[in-house]
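One-based numbering, in listed order, for ligands and for the atoms of each.
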Amino acid sequence: MVNELKNIKQDILKHLYQAKGTTVSGVRLSDALDISRVAVWKHITALKESGVEIESCPKGYCLKAPDDLLHPFCFRPDIEKNIFHFQALNSTMDTARDLAKKNAPHLSVVIAENQTMGRGRLNRKWVSGKGGLWFTLILKPGTPPPLAYIYNFAASLSLSRSLKRLFDVDVSVKWPNDLLLNGKKLAGLLSEMETRGDMVEFINIGIGMNVNNHPQTDEPNAISLKDVLQKTVSRKLILETFLDDFKRRIHPLDRHQIIGLWKEQTSTIGSQVRIETLGDVFEGLAVDVDETGALVIQDTTGETKKIIYGDCFHT
Ligand code: BT5
């Protein structure tokens with residue numbers, strides 16, 4: 001288990017978590033942990049200050065929304081050992097990069113409750129306040145760089161399928177990697193890779209999903225699950241479901257199947273699109289995504305063009 005919380009704070013949180021939203025008295029905590037009630041109070045205060053939502057009442061302490069907690073001990077043991085949880089980070093991408101270089105295992109997950117410098121592609125700002133699901137998945141698949149793209153497609157496919165299964169929502173994937181809900185941006189993916197020789201050393205896939213937050217204040221074109229479902233949902237359930245689906249998707253890896261299933265989930269094919277690359281703008285009807293993940297668009301003369309990267313706008 002990997003957790004930034006020092007042992008006692010973690011043990012307090014674990015007790016509150018196991019109480020499943022009921023109140024645990026200060027006496028019970030002080031007996032269980034063999035510390036004074038004042039010490040319990042001090043640790044709880046520090047936990048609250050770090051952003052953990054704990055309610056204090058005359059009878060004791062109670063964890064709000066325990067199902068939403070993302071600390072390692074909340075997960076199944078096979079997942080727990082790979083979870084790196086932080087209350088706040090600049091960006092999970094930076095921490096994941098450090099951890100990937102320091103031998104973090106394949107399928108490690110770096111989570112932050114808040115990111116102060118969350119980023120999108122081309123260093124664009126990613127709004128990542130409390131309530132969203134902000135994490136980076138570290139992959140060490142032992143693959144050559146030209147095949148790395150398939151992991152991004154597998155990730156957006158697994159996310160989309162998981163959300164549909166859990167909440168029956170009308171999510172679609174937008175090429176190359178956004179998730180849309182009701183035409184608005186629910187989630188974005190960002191991948192970074194490092195190679196050594198002819199092989200990938202690690203691929204880090206950063207996923208930002210608006211879950212219980214309200215991103216519209218800063219991003220009018222964004223939407224969260226809570227906005228649509230009108231209730232708070234468990235980020236832990238989403239993450240666990242996604243990880244299970246993703247593991248099945250990549251072990252064994254079947255590129256044809258991933259692209260085929262991805263195409264069934266996309267709202268890009270069949271849409272009029274504008275693609276902006278660093279130097280060019282292309283417009284046309286999106287007609288396909290090929291085996292390499294390139295978008296095929298057709299212009300008004302019927303000519304087709306393959307585009308391998310860029311920002312895609314459905315027009
Ligand atoms: C992305 O970039 O969509 C990739 C976002 C990846 C974020 C995750 S969070 C965990 C990990 N740690 C990080 O620091 N990053 C990753 P891009 O396609 O460039 O889209 C960025 C654009 O999305 C911005 O310019 C805004 O217009 C918009 N945006 C920013 N915050 C948003 C939000 N919370 N929800 C929806 N749209 C947002």
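In this structure, R235 pairs ionically with E113, as a charged nitrogen and a carboxylate oxygen lie closer than 4.0 Å. For R274 and E276, the salt-bridge test passes: some basic side-chain N is under 4.0 Å from an acidic carboxylate O.
By the 30° and 60° cut-offs, the orientation of the rings of W134 relative to W126 is perpendicular.
Within the cation-pi definition used here (under 6.0 Å to the ring centroid, within 45° of the axis), K81 does not qualify as a partner of F75.
T301 is linked by a side chain to side chain donor-acceptor pair (under 3.5 Å) to D299, counting only residues two or more places apart in sequence or in another chain.
Using a heavy-atom distance under 4.0 Å as the criterion, the protein contacts of ligand 1 are S91, T92, M93, Q115, G118, R119, G120, R121, R124, K125, W126, V127, F135, T136, D178, K185, G188, L189, L190, G206, I207, G208, N210, E219, A222.
Taking both residues in full, the closest heavy atoms of I205 and Y151 are given as CD1-O, 3.5 Å, listed atom of the first, atom of the second, then distance.
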